Protein chains: 2
Amino acid sequence: MMTNNHVNKEIASAHYALKVLSGKWNLPILAALCSNRIIRYNELKRQVIGITGTMLNQSLKELIDYGIVQRVQYNEVPPKVEYSLTEVGLELMPIYEQLDLWGEKNLERKGD
Amino acid sequence: MMTNNHVNKEIASAHYALKVLSGKWNLPILAALCSNRIIRYNELKRQVIGITGTMLNQSLKELIDYGIVQRVQYNEVPPKVEYSLTEVGLELMPIYEQLDLWGEKNLERKGD
DNA sequence: CAGTATCCACGTGGATACTG
DNA sequence: CAGTATCCACGTGGATACTG
């Protein structure tokens, strides 16, 4: 049947976008990158409250792999690494705002 | 510090919206409800390919709890239950489309 | 400073069999 | 027809200790 093949593709695409944004720390990291433009590793760790080194690295790797975050390493001593959003990452921001708006409107109707 | 309290609230709101859309079957179920308007349990199970009864029920409960899906039960024999999107659920659709667009654009750059 | 290695807990997804 | 109960597998999240 050729009926709803495009629907499945849409679902797959949207699912991919969701995966990028999901994960416990992706949103907080993205928010920090958004308000800082360029930020170093330890400063990021400080701003994303509660995150551990393991999780920060894991999430950053994911986001870099998705092409959303850019990593620039300076070969100095002591080490210096800067993180920032890519163009693709910036394109995610309007979606983030829409999610925020919908969530804000609908969170209040619930106890939590 | 009172610096970025609103940012945390935004994150929480967006996170809530993400939670609603995440989960393996929520998107497929929502898509089916979107193209059918009103649909019965077994028909839903047929259209959402691969889903088991356990998962369909679990996901539906979630979506109903979020106020996105409406359940109408007719006390007949044999049983008849109809599912549909609520107003709130319909408001989610533009976001779904944006996710789809972003995903489509960015999925192609990857192997998978 | 900016990470990695190891090892563990728990939540989400799911198969199977059964029911008002 | 429209579910529920039970029990299991695996992925994601995370604490702790260590390193170029």
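Predicted model, so just to flag it, every value in this text is computed and none were measured. A note on names: the letters A, B, ... follow the listed sequences, proteins ahead of strands, and every chain is numbered from 1.
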Considering just the side-chain nitrogens and oxygens of [X], establish if one lies under 4.0 Å of OP1 or OP2 belonging to [N].
{"X": "A/Arg40", "N": "C/dC1", "result": "no"}
{"X": "B/Trp25", "N": "C/dG14", "result": "yes"}
{"X": "B/Tyr83", "N": "D/dG3", "result": "yes"}
{"X": "A/Lys24", "N": "D/dG14", "result": "yes"}
{"X": "A/Lys61", "N": "C/dG3", "result": "no"}
{"X": "B/Arg46", "N": "D/dA2", "result": "no"}

State yes or no: do [X] and [Y] share one hydrophobic cluster built from I, L, V, M, F, W and Y residues joined by side-chain heavy-atom distances below 4.5 Å, directly or via other members?
{"X": "A/Leu27", "Y": "B/Val7", "answer": "yes"}
{"X": "A/Val88", "Y": "A/Ile38", "answer": "no"}
{"X": "A/Leu60", "Y": "A/Met55", "answer": "yes"}

Atom-pair distance ([atom1] on [X]; [atom2] on [N]), nearest Å:
{"X": "A/Lys45", "N": "C/dC1", "atom1": "NZ", "atom2": "P", "result": "10 Å"}
{"X": "A/Leu56", "N": "C/dT4", "atom1": "CG", "atom2": "C1'", "result": "13 Å"}
{"X": "B/Asn57", "N": "D/dC1", "atom1": "CG", "atom2": "P", "result": "15 Å"}
{"X": "A/Glu76", "N": "C/dA2", "atom1": "CD", "atom2": "P", "result": "10 Å"}
{"X": "B/Gln73", "N": "D/dC1", "atom1": "CD", "atom2": "C1'", "result": "11 Å"}
{"X": "B/Asn42", "N": "C/dT19", "atom1": "CG", "atom2": "P", "result": "18 Å"}
{"X": "A/Ile51", "N": "D/dA15", "atom1": "CD1", "atom2": "P", "result": "10 Å"}
{"X": "B/Glu43", "N": "D/dC1", "atom1": "CD", "atom2": "C1'", "result": "13 Å"}

Does D/dG14 have a Watson-Crick or wobble mate here (both distances under 3.5 Å), and if so which one?
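Checking every strand shown, D/dG14 finds its partner in C/dC7, with both distances under 3.5 Å.
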Between [options], spot the one nearest the side chain of [X], thanks.
{"X": "B/Met55", "options": "C/dG20, C/dG13, C/dA15", "answer": "C/dG13"}
{"X": "A/Pro78", "options": "D/dT4, C/dC1, D/dA2", "answer": "C/dC1"}
{"X": "B/Gln58", "options": "D/dT6, C/dG13, C/dA2", "answer": "C/dG13"}
{"X": "A/Tyr41", "options": "D/dC1, D/dG3, C/dG3", "answer": "C/dG3"}
{"X": "B/Arg71", "options": "C/dT6, D/dG3, C/dA2", "answer": "D/dG3"}
{"X": "A/Thr54", "options": "C/dG3, D/dA2, D/dA15", "answer": "D/dA15"}

Tell me whether the count of non-hydrogen atoms from other residues, nucleotides or ligands lying under 6.0 Å of CD in B/Glu76 goes above 12.
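It does: B/Glu76 CD has more than 12 such atoms within range.
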Between A/Gly53 and A/Gly23, which is nearer to the 5' end of DNA chain D once each is assigned its nearest nucleotide?
A/Gly23
With a 4.0 Å cut-off, would you call B/Glu91 and A/Lys105 a salt bridge?
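Counted as a salt bridge, because a side-chain N and a carboxylate O are separated by less than 4.0 Å.
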Salt bridge between B/Glu43 and B/Arg46, side-chain N to carboxylate O under 4.0 Å?
yes
